[in-house]
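The block underneath contains the structure these notes are about, expressed in C-alpha cells.
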Number of protein chains: 2
Amino acid sequence: MPQVSSETPVVHIVDDDESQRLGLDSLLRSVGLTARTYGTTHEFLKADRLDGPGCIVLDVRLPGISGLDFQEELASLGIRLPVVLMTGHGDIPMSVRAMKAGAVDFLSKPFREQDMIDAVTLALNRDRLRRARETQSVAVLDRHATLSPREREVMALVTAGKLNKQIAAELGLSEVTVKIHRGAAMRKMGARSLADLVRMADALKDQSR
Amino acid sequence: MPQVSSETPVVHIVDDDESQRLGLDSLLRSVGLTARTYGTTHEFLKADRLDGPGCIVLDVRLPGISGLDFQEELASLGIRLPVVLMTGHGDIPMSVRAMKAGAVDFLSKPFREQDMIDAVTLALNRDRLRRARETQSVAVLDRHATLSPREREVMALVTAGKLNKQIAAELGLSEVTVKIHRGAAMRKMGARSLADLVRMADALKDQSR
DNA sequence: GTTGCACCCATACTTAGGTGTGATGCGATA
DNA sequence: TATCGCATCACACCTAAGTATGGGTGCAAC
C-alpha cells in the first residue's frame with residue numbers, strides 16, 4: 001500500500017452519484033493516484049488537507065449548488081486547487097464559462113477513461129508548478145514581513161534604482177541611516193546582491209497582483 | 001467617417017457565409033469598431049495589417065480547414081491576434097479545445113449580439129495589453145542586440161549579482177576592463193540604474209521563453 | 001593600407017556602498 | 001521600571017563602482 005504523506009497529491013472527487021464516485025476512485029487508484037470522494041461540496045469543504053497538493057474533479061450538477069458556481073466560490077475561499085469539471089448534461093456556454101474561470105478541462109459524460117486520466121495528470125502538474133512558484137514567493141513574503149517600516153521603505157526606493165543620497169533626501173534622513181536600513185533589508189531578506197533584492201521586490205509585486 | 005490609422009484596431013471576420021459576414025460587419029460598425037471580412041482563411045492570410053492591433057472572429061466551419069486547426073496554424077505563423085470562435089454546429093469538446101488553445105470566447109450561433117460585442121471588446125483589450133508589453137520588451141531586445149559579445153557576457157554576470165572582481169576572474173580579465181564593458185552595457189541598454197538593468201535582463205529571459 | 005570596431009589594460013581619481021563604534025530618543029512590553 | 005526593538009546620526013574606515021586619459025592588439029571592410 002502506498003504511503004500517503006502530506007506531499008502525496010490528492011485528487012478530490014466531488015460528485016453526488018455514488019457509483020460515479022466509486023468508478024472514478026478506482027480508475028484513479030488504478031494508475032497509482034490517491035483520491036478522496038465527497039457527495040456534496042459541503043462535505044468537501046469540511047475535509048482537511050485542502051491546502052495540500054492535489055486537484056479537484058467536480059461534477060457540474062450537484063445538490064444545492066452548480067459546480068460552476070462552486071468553482072468560483074473556491075477561488076474566493078482561497079482554495080486554488082486546479083479543477084477538472086465533468087457533466088452529463090452540459091452545453092457549450094457552460095464549458096466556456098468553466099474554461100474562462102480557469103478549469104483545466106471540461107469532460108462530458110461518458111468520457112473516455114484516458115481523457116480523465118490525462119486531465120487529472122495535467123491538473124496535478126499545474127498544481128505542482130504553482131506550488132513551486134508559491135513556496136518561493138511566500139518565503140520572500142515572510143522575510144519581507146520581518147522588515148521594519150523604514151527598512152521596507154528604503155528597500156522600495158533602493159530597488160527602484162535610487163542612490164542612497166537620493167533616498168536620504170526623499171525621506172529626510174542622513175545617508176548613513178539609509179545605508180543602515182539598506183544593509184538590514186539585505187540581511188533580513190537574505191539577498192546576496194542588489195540584483196537579488198531587485199528580483200525579490202518584483203516577486204513581491206507579482207504576489208500582490 | 002472615422003479615420004483608420006495604423007493604430008485603429010481591426011476586427012478580422014473570417015466566415016464563409018456572406019450574410020453572416022455582413023451581419024457581423026454591420027454589428028461591429030454600429031458600435032464604432034472597424035472590421036474587415038474574409039470568406040476563406042486564405043483570403044485572410046493575404047490581407048495586410050495582420051501585425052497591427054485587432055482581433056479575429058473566426059467561424060469553426062470553413063472551406064478546407066477547421067477554424068480550430070486554423071487557430072493553431074495562426075500561432076505557428078506568429079500571428080498572435082486574439083481569436084473569438086463561433087459556430088452553428090459546435091459541441092463541448094470543440095469549445096474546450098478552442099479555449100485550451102487560448103481562444104477569448106466560443107459562441108454558438110445564434111448568439112446574442114451583446115455577447116459578440118463583449119467578446120470582441122475583451123479580445124481587443126487583451127491585444128492592447130499584449131502589444132503594450134511587447135513593445136516594451138522588443139525595445140529591450142533591440143538594444144541588447146547592439147551589445148558586443150563581451151558586453152552581453154558581462155551584463156549577464158552583472159545581473160546575476162556578481163562583483164566586478166568576480167566577473168574579471170571568471171572571464172580572465174582585469175577589473176578595469178569589466179568596468180568598461182559594464183558601463184557600455186548600461187549606456188547601450190539605456191539603464192539608469194543597476195536595478196533597471198536587472199529588470200531588462202529578466203525581460204530578455206521571459207522573451208526567449 | 002587606412003579606417004573602424006571590438007577588445008584589452010595600467011594609472012589615477014571620484015563617487016557610491018557597506019560596516020563598525022558609540023551614542024540618543026521613543027514607545028511597547030515584560 | 002527595565003529592557004528591547006526601532007529609528008536616528010556622527011565619525012572613521014574600507015571596498016566597490018564609475019570614469020577619464022592614454023595606450024596597445026587584431027581583424028575585417030573599404
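Lettering of chains follows the sequences in order, A, B, ..., and the numbering in each one begins at 1. Note that these values count all heavy atoms, side chains included, but never hydrogens, waters or copies made by symmetry.
A:Glu151 places its CD atom 10 Å from the P atom of D:dT8, with the value rounded to the nearest Å. Between the C1' atom of D:dA7 and the CD1 atom of A:Ile167 lies a distance of 16 Å, rounded to the nearest Å. As rounded to whole Å, 9 Å separates atom P of C:dA16 from atom CD of A:Gln166. B:Met155 places its CE atom 17 Å from the P atom of C:dA6, with the value rounded to the nearest Å.
Going from atom CD of B:Glu175 over to atom CD1 of B:Ile167 covers 9.5 Å, rounded to the nearest 0.5 Å. For the atom pair B:Lys188 NZ and B:Met155 CE, the distance stands at 12.0 Å (nearest 0.5 Å). Taken to the nearest 0.5 Å, the OG1 atom of A:Thr40 stands 4.5 Å off from the CD atom of A:Glu43.
One finds no side-chain N or O of A:Ser148 lying less than 4.0 angstrom from the OP1 or OP2 phosphate oxygen of D:dG5.
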Worked verdict on B:Ser95 versus A:Ser95 for side-chain hydrogen bond (donor to acceptor under 3.5 Å, both in side chains): CA-CA 7 Å; B:Ser95 67; A:Ser95 68; 2.7 Å; yes
B:Leu45 vs B:Ile79, side-chain contact (heavy atoms from CB on, under 4.5 Å): CA-CA, chis, key distance, verdict: CA-CA 10 Å; B:Leu45 289 176; B:Ile79 297 175; 3.9 Å; yes
Check against side-chain contact (heavy atoms from CB on, under 4.5 Å), A:Ile117 and A:Leu27: CA-CA 8 Å; A:Ile117 292 171; A:Leu27 170 64; 3.8 Å; yes
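For the helix from C:dG1-D:dC30 to C:dA30-D:dT1, the terminal axes (five pairs an end, C1' atoms, rotation from four pairs onto the next four) enclose an angle of 30°, given to 10 degrees.
A salt bridge links B:Arg97 and B:Asp69; the closest N-O separation between the charged side-chain nitrogens and carboxylate oxygens is under 4.0 Å. Remark: B:Lys100 engages A:Asp105 in a salt bridge, criterion side-chain N to carboxylate O under 4.0 Å.
Contacts of B:Arg130 classified as side chain to side chain contact (heavy atoms under 4.5 Å, CB included), with partners at least two apart in sequence or in another chain: B:Arg80, B:Asp127, B:Arg133, B:Glu134. Partners of B:Arg199 according to the salt bridge (charged side-chain N to carboxylate O under 4.0 Å, His left out) rule, which considers only residues two or more places apart in sequence or in another chain, are A:Asp202.
In this structure, the nucleotide among D:dT8, C:dC7, C:dC8 sitting nearest to the side chain of B:His181 is C:dC8.
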Compile the donor-acceptor pairs under 3.5 Å between side chains in residues 51-61 of chain B and protein atoms, sequence neighbours left out, one pair per line.
residue	atom	partner	partner atom	Å
B:Asp59	OD1	B:Lys109	NZ	2.6
B:Asp59	OD2	B:Arg61	N	3.2

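At the heavy-atom level, A:Thr177 lies under 4.0 Å from base atoms of the strands shown.
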Base-contact (B) and sugar-phosphate-only (S) positions in nucleotides 23-30 of chain D, heavy-atom cut-off under 4.0 Å, - elsewhere: --------
Annotated protein contacts, base or backbone, on nucleotides 13-22 of chain D with a non-hydrogen cut-off under 4.0 Å, one of B, S, - each: ---SBBBB--
